[in-house]
J.: 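Handing you this structure, nothing more for now.
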Amino acid sequence: DGGITQSPKYLFRKEGQNVTLSCEQNLNHDAMYWYRQDPGQGLRLIYYSQIVNDFQKGDIAEGYSVSREKKESFPLTVTSAQKNPTAFYLCASRKDRGGSGELFFGEGSRLTVL
Amino acid sequence: AQRVTQPEKLLSVFKGAPVELKCNYSYSGSPELFWYVQYSRQRLQLLLRHISRESIKGFTADLNKGETSFHLKKPFAQEEDSAMYYCALSRASGGSNYKLTFGKGTLLTVNP
């Protein structure tokens with residue numbers, strides 16, 4: 001089943017712990033994105049990456065970190081500095097060069113910090 | 001800065017009634033507008049984009065640059081249309097720093 005895979009689907013952590021969410025895609029897409037989805041807030045962009053070994057901050061990057069060492073992988077770390085980490089996190093990818101601009105989304109990861 | 005406004009958090013209609021989900025945007029350049037939909041227990045997916053000018057599942061949306069709007073319309077709503085709808089905006093050309101900005105979403109409920 002091709003597409004974007006996020007893991008884990010559900011994650012519980014204690015306050016003060018760092019957490020890493022996985023995002024893998026086998027679509028050979030160049031660009032990858034992390035969004036946070038909160039009720040009544042819509043989707044807010046955390047980080048994005050256009051190519052391997054390069055990434056940019058989105059609108060709410062504070063308290064998060066990412067890496068893009070491989071084209072197919074774009075993990076997101078929620079650090080202890082993130083003040084309100086409990087949320088639903090969505091990863092997406094886009095073909096970029098020559099693509100239609102459409103974003104393809106994963107099923108999401110729900111993080112709950114206790 | 002690019003901004004998308006969806007004024008209605010919730011919209012409830014009866015089956016067979018027309019439905020319009022509103023979307024307004026602000027962007028200084030030439031925008032590309034999208035509607036994404038999230039059905040219950042499914043992943044977020046593209047519904048339609050303004051440049052394709054097509055009707056998907058009976059939905060249409062016209063970009064009105066004068067009113068900076070991209071409202072989503074369907075003449076006869078169906079129960080299976082019940083979902084969360086997001087309007088989104090990006091710069092018209094791709095290339096570097098491509099960002100898709102989403103509105104806060106409208107939850108559409110179609111009652112039998």
Side-chain angles (χ1 to χ4, degrees), chain A residues 1-7 9-10 23 25 27 29-61 68 87-110, chain B residues 1-11 21-25 27 29-54 56 63 83-107:
Chain A
D1 181 30
I4 301 176
T5 302
Q6 290 186 240
S7 63
K9 280 191 176 180
Y10 301 95
C23 179
Q25 54 99 357
L27 300 169
H29 284 177
D30 295 304
M32 297 186 75
Y33 303 79
W34 274 105
Y35 285 89
R36 173 178 169 144
Q37 188 178 30
D38 295 285
Q41 295 290 326
L43 277 74
R44 291 180 291 170
L45 183 63
I46 304 172
Y47 267 98
Y48 63 109
S49 169
Q50 305 286 332
I51 56 172
V52 175
N53 292 322
D54 188 41
F55 49 82
Q56 289 80 39
K57 291 182 179 180
D59 301 316
I60 55 164
R68 188 83 187 278
F88 190 62
Y89 292 89
L90 283 171
C91 180
S93 71
R94 185 177 75 96
K95 182 171 171 54
D96 204 354
R97 299 180 191 83
S100 68
E102 177 183 356
L103 260 63
F104 292 83
F105 285 87
E107 292 184 312
S109 293
R110 185 169 296 282
Chain B
Q2 49 195 72
R3 185 189 297 271
V4 177
T5 302
Q6 293 180 250
E8 304 139 329
K9 283 188 178 179
L10 305 170
L11 184 62
L21 290 83
K22 291 184 168 52
C23 172
N24 289 90
Y25 68 90
Y27 185 62
S30 183
E32 187 169 356
L33 275 297
F34 304 82
W35 277 99
Y36 280 78
V37 61
Q38 191 169 29
Y39 300 103
S40 179
R41 298 190 183 86
Q42 293 187 29
R43 62 183 71 196
L44 193 61
Q45 58 189 287
L46 178 67
L47 179 63
L48 55 80
R49 51 191 301 187
H50 87 271
I51 64 171
S52 59
R53 296 181 177 272
E54 57 190 346
I56 304 293
L63 178 60
M84 178 69 85
Y85 292 80
Y86 291 98
C87 184
L89 172 151
S90 76
R91 49 190 280 180
S93 59
S96 63
N97 294 325
Y98 179 98
K99 287 172 59 175
L100 195 62
T101 299
F102 287 83
K104 294 187 176 182
T106 298
L107 180 62

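Model, not experiment: these values are computed from the prediction. First the proteins, then the strands, lettered A, B, ... as listed; each starts at 1.
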J.: Would you call the rings of B/F34 and B/Y36 parallel, tilted or perpendicular, where under 30° means parallel and over 60° means perpendicular?
T.: tilted
J.: Will you find, in the side chains of B/T101 and B/Q2, an N or O donor that is under 3.5 Å from an N or O acceptor?
T.: yes
J.: Measuring heavy-atom distances to chain B, does A/L45 have an atom under 4.5 Å in its side chain, in its backbone, in both, or in neither?
T.: side chain
J.: Assess whether salt bridge (charged side-chain N to carboxylate O under 4.0 Å, His left out) is satisfied between B/R49 and A/E102, documenting all intermediate values.
T.: CA-CA 9 Å; B/R49 51 191 301 187; A/E102 177 183 356; over 6 Å; no
J.: So what's closer than 4.5 Å to chain A heavy atoms on B/Q6: side chain, backbone, both or neither?
T.: neither
J.: With a 4.5 Å limit on heavy-atom distance, are the side chains of B/K104 and A/R44 in contact?
T.: no
J.: Measuring heavy-atom distances to chain B, does A/D59 have an atom under 4.5 Å in its side chain, in its backbone, in both, or in neither?
T.: side chain
